[in-house]
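Since the structure is predicted, the reported quantities are computational estimates derived from the model, not experimental observations.
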Amino acid sequence: MGAMNAIHSFPAGAPAHRPWREERRIDGLGTPDADWQAWGGLAALPPVSSVELVPPHRRAIVIAPHPDDEVLACGGLLQLLHARHTQTVLLAVTDGDASHPGSAQYRPQELMRLRPQETMAALHAMGVCDGGGPQVLRARIGDGQVGACIDQLHTMLLQLLRPDDVVFVTWRQDGHPDHEACGVAAALAARACHATLVEVPVWGWHWAEPGDSRVPWNRARRLDFEPQVLHRKRQALGCYHSQLRHDPSTGQPPILGPHVLARLLHPYEIYFI
C-alpha cells in the first residue's frame, strides 16, 4: 500500500471522474471479512476463467499503484496466466516510498530500495518467474502523487498498450487516490488503444458493505482457483515485510493488518469487466 494523498489532477480530455469523497474514506478496520462471507452475493457472482479474462495470444498488463497491489489484486490470476504461458507485463506505478510517514525505520529512500525488492521476492514466491515471468516496468511516480502525475502515467500507457491487450488495474472508485488515478489513466489509455479494461477492487472491500449500491455488481465476475494457488498468494504477500510489521519508531501498526489481509486472501478474486 502507499500514501493516502487525496489530491487529483487529470489530463485535458479526461472523462468526468467522481472525485475522492469521505464516503470512500479508508480508516478504522472497515467492513469485517465475516460480513462479506456471510453475504450470499459473493458466491452468486457469475464465474469467469483466466481464459475468458485473457484469451489466447493476448497480452495481460497488470498496473500496480504500489508494490503489493499486484499480489493483493491479481496474485491468483498471475499464477494461472503463467501456467498458460501468457505474456504478462507488470507496471509498478510507484515504489511505495511514502507508506510510512515520519518513520525513522522506514525512511522514503529506504522504502524506494526495499519495496521493489519485495515485489521481486513475491513474484518468485508465486512461482511466476520460473521459465520466464512478467516483464516488470517501473514508472517511478511519487507515492501519493499519481493524481498529480496522471498525464505522465497516461502518456506512458499510450506508449505501452497494444490493441487487444487486457489491462488489469485498481478500480476507479477504490477509495485510495493513487488507485483511483491509476484506474482513470488506464481507462483513458485502454479506450485510445482499443485494449480491454478490467478493474479490480482492493480497498473497496474496506469501505463498501455487502450489497452496496456504490459497487458495480453487474460487472463483477468471480475467478476461483485451487487452494495451492491461494497458498502461493499468501506466501507472496509474506514477502512484503515492510507492510506487515509494526513500526516501533512511530508506534503505527502494520499497513497490511490482519483485517486487511482477511478480506483479500480467499480462493477467488473479483474482477469488474
Q) Which atom names give the shortest non-hydrogen contact between Cys74 and Phe168, and what distance separates them? A) SG-CB, 4.2 Å
(Q) Side chains of Ser103 and Thr250: any donor to acceptor distance under 3.5 Å? (A) no
Q. Would you say Trp217 and Trp171 are hydrophobically clustered, going by side-chain heavy atoms of ILVMFWY under 4.5 Å?
A. yes
Q) Are the side chain of Asp247 and the backbone N or O of Gln252 linked by a donor-acceptor pair below 3.5 Å? A) no
Q: Evaluate the side-chain proximity of Val146 to Pro177: yes if any heavy-atom separation is below 4.5 Å, no if none is.
A: no
(Q) Using side chain to side chain contact (heavy atoms under 4.5 Å, CB included), reason through Leu256 and Leu264 one step at a time and then give a plain yes or no. (A) CA-CA 10 Å; Leu256 296 178; Leu264 293 161; over 6 Å; no
Q) Could Glu52 and Arg221 be called an ion pair, given the rule that one side-chain N must be under 4.0 Å from one carboxylate O? A) no
Q: For the residue pair Leu80 and Leu223, establish whether any side-chain heavy-atom pair is separated by less than 4.5 Å.
A: yes
(Q) Grouping I, L, V, M, F, W and Y whenever their side-chain heavy atoms are under 4.5 Å apart, do Val62 and Leu158 come out in a common cluster? (A) no
Q. Which word best sums up how the rings of His100 and Tyr106 line up, parallel for under 30°, tilted for 30 to 60°, or perpendicular for over 60°?
A. tilted
Q. Do any N or O atoms from the side chain of Asp178 and from the backbone of Gly144 form a donor-acceptor pair under 3.5 angstrom?
A. yes
Q. Hey, mind stepping through Thr155 and Gln159 against side chain to side chain contact (heavy atoms under 4.5 Å, CB included) and telling me if it holds?
A. CA-CA 6 Å; Thr155 298; Gln159 296 169 347; 3.9 Å; yes
Q) According to a 4.5 Å side-chain heavy-atom criterion applied to Ile, Leu, Val, Met, Phe, Trp and Tyr, with indirect links allowed, do Leu90 and Leu114 form part of one hydrophobic cluster? A) no
Q. Out of curiosity, Phe225 CZ to Glu269 CD, how far, rounded to the nearest 0.5 Å?
A. 4.0 Å
Q | His82 side chain near Leu78 side chain, heavy-atom distance below 4.5 Å | A | no
Q: Return yes when atom CZ of Arg84 has more than 12 non-hydrogen atoms of other residues, nucleotides or ligands closer than 6.0 Å, and no otherwise.
A: yes
Q | Hydrophobic cluster membership, Leu45 vs Trp39, 4.5 Å side-chain cutoff | A | yes
**Q.** Pro65 versus Thr94, closest heavy-atom pair with distance
**A.** O-OG1, 2.8 Å
Q. So do Leu161 and Ile61 actually touch side chain to side chain, heavy atoms under 4.5 Å?
A. yes
**Q.** Spacing of Ile273 atom CD1 and Glu199 atom CD [to the nearest 0.5 Å]
**A.** 11.5 Å
Q.
For a 4.5 angstrom cut-off between non-hydrogen side-chain atoms, does Tyr240 reach Thr119?
A. yes
Q. Is there side-chain contact between Val93 and Asp69, with heavy atoms separated by less than 4.5 Å?
A. no
Q) Going only through I, L, V, M, F, W and Y residues with side-chain contacts under 4.5 Å, is there a path from Leu265 to Tyr271? A) yes
Q: Can you see which heavy atom on Ala185 is nearest to which on Ile150, and at what distance?
A: CB-CG1, 3.8 Å
(Q) Ignoring hydrogens, what is the shortest heavy-atom contact between Val229 and Gln79? Give both atom names and the distance. (A) O-NE2, 3.0 Å
Q: Would you check if the side chain of Gln235 reaches a backbone N or O of Met126 as a donor-acceptor pair within less than 3.5 Å?
A: no
Q: Evaluate the ring planes of His176 and His179, with Trp represented by its six-membered ring, and classify them as parallel (under 30°), tilted (30 to 60°) or perpendicular (over 60°).
A: parallel
Q: Answer yes or no: is there a donor N or O on one side and an acceptor on the other, between the side chain of Gln152 and the main chain of Ile141, under 3.5 Å?
A: no
Q. How far apart are the closest heavy atoms of Leu72 and Lys233, and which atoms are they?
A. O-NZ, 3.3 Å
(Q) Angle between ring planes, His266 versus Tyr268, binned at 30° and 60°: parallel, tilted or perpendicular? (A) parallel
Q. Between Thr31 and Ala208, is there a donor-acceptor pair closer than 3.5 Å when you use the side chain of the first and the backbone of the second?
A. yes
Q.
Restricting to non-hydrogen atoms, name the atom on His241 and the atom on Gly238 that form the minimum distance, rounded to 0.1 Å.
A. CE1-O, 3.2 Å
Q) Got a second to check how far Arg138's CZ is from Met112's CE, nearest 0.5 Å? A) 11.0 Å
(Q) Counting only heavy atoms not in His246 (residues, nucleotides, ligands), do more than 12 fall under 6.0 Å from its NE2? (A) yes
**Q.** Between NE2 on residue His66 and CG on residue Leu111, distance to nearest 0.5 Å
**A.** 12.0 Å
Q) To the nearest 0.5 Å, what is the distance between SG (Cys239) and CE (Met120)? A) 11.0 Å
Q.
I want to check something: taking the side chain as every heavy atom from C-beta on, are Arg115 and Asp95 in contact at a cut-off of under 4.5 Å?
A. no
Q. Taking C-beta and beyond as the side chain, do Ile255 and Asp68 meet within less than 4.5 Å on heavy atoms?
A. no
Q: Walk me through it: do Leu157 and Leu188 pass the test side chain to side chain contact (heavy atoms under 4.5 Å, CB included)?
A: CA-CA 9 Å; Leu157 289 170; Leu188 285 166; over 6 Å; no
Q. Quick one: CZ on Phe272 to OG1 on Thr170, what's the gap to the nearest 0.5 Å?
A. 11.5 Å
Q: Evaluate the side chain to side chain contact (heavy atoms under 4.5 Å, CB included) criterion for residues Trp207 and Asp27: first the C-alpha distance (whole Å), next the side-chain angles of each, then the deciding distance (0.1 Å), finally the verdict.
A: CA-CA 8 Å; Trp207 57 261; Asp27 56 11; over 6 Å; no
(Q) If the threshold is 4.0 Å, N to carboxylate O, is there a salt bridge linking Asp165 and Arg59? (A) yes
